[in-house]
Q: 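Quick one: the structure is below, questions incoming.
Side chains included, hydrogens not; waters and symmetry mates left out as well; all remaining heavy atoms used. None of these values were measured; they are calculated from a predicted model. We count ligands from 1, going down the list as the structure has it; atoms in each ligand are counted the same way.
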Amino acid sequence: MSSSISERIVTIRSSLPTSVRLIAVSKQVSAEAIRSAYAAGIRDFGESRIQEAAIKQAELQDLPDITWHFIGHLQSNKAKKAIEQFHWIHSVDNLNLAARLEQLAQQLGVSPQVCLQVKIIPDRNKSGWSVSELLADLPILNQYKTLQIQGLMTIPPLGLNQPEILSVFNQSRELAKEIEQQNWSHIKMHELSMGMSGDYELAVEAGATMVRLGTILFGDRS
Ligand SMILES: *Cc1c(COP(=O)(O)O)cnc(C)c1O
């Protein structure tokens with residue numbers, strides 16, 4: 001790609017509806033590149049490794065209005081760091097992790113924003129609730145009053161064609177709607193975190209509220 005990070009950000013941002021939050025996925029990207037994206041107006045950054053993020057966050061402390069999003073698989077033993085370092089966790093992918101995060105959030109006196117990661121189609125390569133497991137766990141999740149459950153996060157399995165990907169995103173939106181209509185007191189379904197560089201246009205078409213874009217903004221990760 002010959003264009004600069006800021007040119008790409010301007011182009012992509014202007015192609016998205018204003019209501020869609022653009023999260024720049026900065027994993028394996030330098031603090032310098034994050035500064036370029038920040039200068040182009042990005043305030044939401046996504047990282048998938050706690051340790052890697054901590055180093056860059058320390059370097060970027062002079063940019064206090066960044067909202068940090070954790071998007072990777074989170075091991076329980078890193079849950080505390082995740083809550084301390086990130087405003088959002090998109091990848092809450094099982095009930096044990098949710099329970100641990102709730103407990104830690106209470107202890108630390110913080111209210112992290114989270115999405116529940118769901119697998120619309122079975123996918124052994126990814127973590128996340130199946131639809132039926134998620135529906136079954138809602139009564140327990142609804143008891144977690146410190147975690148701010150805001151919506152769903154979905155990644156389609158590899159190898160799907162475009163109509164199949166669109167279908168996964170549409171089913172994710174319909175699932176969120178179904179959960180919302182159950183009127184839980186502590187589970188909100190305002191957010192749909194879906195769409196990466198290769199499929200974000202389909203995700204937006206299906207109603208994504210947050211897209212997570214790395215390669216298309218920062219170039220290939222080597
Ligand atoms: C890496 C990653 C992204 C960004 O992927 P690109 O294809 O580079 O846009 C988005 N979401 C998650 C969960 C990721 O791990």
Side-chain angles (χ1 to χ4, degrees), residues 1 3-13 15-16 20-31 33-34 36-37 40 42-54 56-57 66-75 78-79 82 85-94 97-98 101 112-121 123-129 150-162 164-166 168-169 172 191-222:
M1 280 184 268
S3 53
S4 67
I5 291 171
S6 62
E7 284 169 337
R8 283 175 239 153
I9 286 171
V10 169
T11 306
I12 303 271
R13 177 67 271 177
S15 75
L16 295 171
V20 173
R21 197 158 169 177
L22 170 53
I23 299 168
V25 174
S26 49
K27 63 186 182 196
Q28 295 174 53
V29 163
S30 69
I34 294 177
S36 303
I42 298 285
R43 293 295 178 273
D44 292 279
F45 290 91
E47 291 279 343
S48 57
R49 287 171 190 268
I50 299 289
Q51 198 57 35
E52 178 192 335
K56 287 183 266 182
Q57 287 168 334
I66 290 181
T67 298
W68 291 100
H69 300 255
F70 189 78
I71 62 171
H73 176 59
L74 183 57
Q75 292 159 311
K78 303 218 173 115
Q85 289 173 222
F86 290 86
H87 306 91
W88 278 83
I89 301 175
H90 292 231
S91 43
V92 178
D93 54 18
N94 67 77
L97 177 61
L101 290 169
Q113 312 292 314
V114 307
C115 294
L116 306 175
Q117 184 171 354
V118 63
K119 292 187 286 194
I120 297 294
I121 299 177
D123 182 351
R124 73 181 69 184
N125 296 314
K126 288 199 183 63
S127 49
W129 275 273
Q150 299 289 9
L152 302 180
M153 191 270 241
T154 308
I155 306 172
L158 289 175
L160 301 187
N161 64 30
Q162 301 236 335
E164 290 165 339
I165 294 171
L166 181 61
V168 165
F169 290 147
S172 185
E191 303 289 347
L192 285 171
S193 172
M194 50 191 203
M196 304 170 40
S197 292
D199 59 17
Y200 73 97
E201 286 158 309
L202 298 170
V204 169
E205 184 181 336
T209 63
M210 301 195 275
V211 292
R212 308 177 311 273
L213 304 184
T215 312
I216 202 169
L217 303 180
F218 293 113
D220 284 335
R221 295 177 292 271
S222 44

Q: Using a 3.5 Å cut-off on N or O atoms only, is Ser48 in polar contact with ligand 1?
A: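 Looking only at distances, the answer is no, because the N/O contact criterion of under 3.5 Å is not met.
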Q: Counting non-hydrogen protein atoms only, what is the nearest one to atom 11 (N) of ligand 1? Give residue, atom name and distance.
A: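 Here the nearest protein heavy atom works out to Arg212 NE, 2.9 Å.
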Q: Could you tell me whether Lys56 and Glu47 make a salt bridge, using a distance below 4.0 angstrom between a side-chain N and a carboxylate O?
A: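 Glu47 and Lys56: salt-bridged.
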Q: With atoms numbered from 1 as shown, which atoms in ligand 1 lie under 4.0 angstrom from a non-hydrogen atom of Thr215?
A: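 The list of qualifying atoms is 6 (P), 7 (O), 8 (O), 9 (O).
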Q: Do you know which two heavy atoms are closest between Ala208 and Val20, and how far apart they sit?
A: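 Ala208 and Val20 have their closest heavy atoms at O-CG2, 3.5 Å.
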Q: Heavy-atom contacts with Lys27 under 4.0 Å: which atoms of ligand 1 show up? List them by number with element.
A: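 Those atoms are 1 (C), 2 (C), 3 (C), 14 (C), 15 (O).
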Q: Below 4.0 Å, non-hydrogen atoms only: which portion of Ile155 touches ligand 1? Side chain, backbone, both or neither.
A: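 Answer for Ile155: side chain.
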Q: Nearest protein heavy-atom contact for atom 5 (O) of ligand 1: which residue, which atom, what distance?
A: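 The closest heavy atom on the protein side is Met196 CE, 3.5 Å.
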Q: Please give me the minimum heavy-atom distance between Phe86 and Phe70, naming the atom from each residue.
A: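 Phe86 and Phe70 have their closest heavy atoms at CD2-N, 3.3 Å.
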Q: What part of Ile71, side chain, backbone, both or neither, has a heavy atom within less than 4.0 angstrom of ligand 1?
A: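 Contact part for Ile71 vs ligand 1: both backbone and side chain.
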Q: Please find the pair of heavy atoms, one from Ser197 and one from Thr215, that lie closest to each other, and give the distance.
A: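 Closest approach of Ser197 to Thr215, heavy atoms only: OG-N, 3.4 Å.
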Q: Heavy atom of His90 under 4.0 Å from ligand 1?
A: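 The answer is no: ligand 1 sits nowhere under 4.0 Å from a heavy atom of His90.
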Q: Are the side chains of Met210 and His90 in contact, using a 4.5 Å heavy-atom criterion?
A: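 Yes - at least one pair of side-chain heavy atoms lies under 4.5 Å apart.
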Q: Compare all side-chain heavy atoms of Ser26 with those of Phe218 and state whether any distance is below 4.5 angstrom.
A: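 The answer is yes, as the side chains (C-beta and beyond) meet within the 4.5 Å cut-off.
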Q: Which atoms of ligand 1 are found less than 4.0 Å from any heavy atom of Leu213?
A: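 Going through ligand 1 atom by atom, the ones under 4.0 Å from Leu213 are 9 (O).
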Q: Just checking, any donor-acceptor pair under 3.5 angstrom between side chains of Glu191 and Thr209?
A: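 Note: Glu191 and Thr209 side chains meet the donor-acceptor criterion.
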Q: Which is closest to atom 9 (O) of ligand 1 by heavy-atom distance: Ser26, Gly198, Gly219, Ser197?
A: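 Among Ser26, Gly198, Gly219, Ser197, the closest heavy atom to atom 9 (O) of ligand 1 belongs to Ser197.
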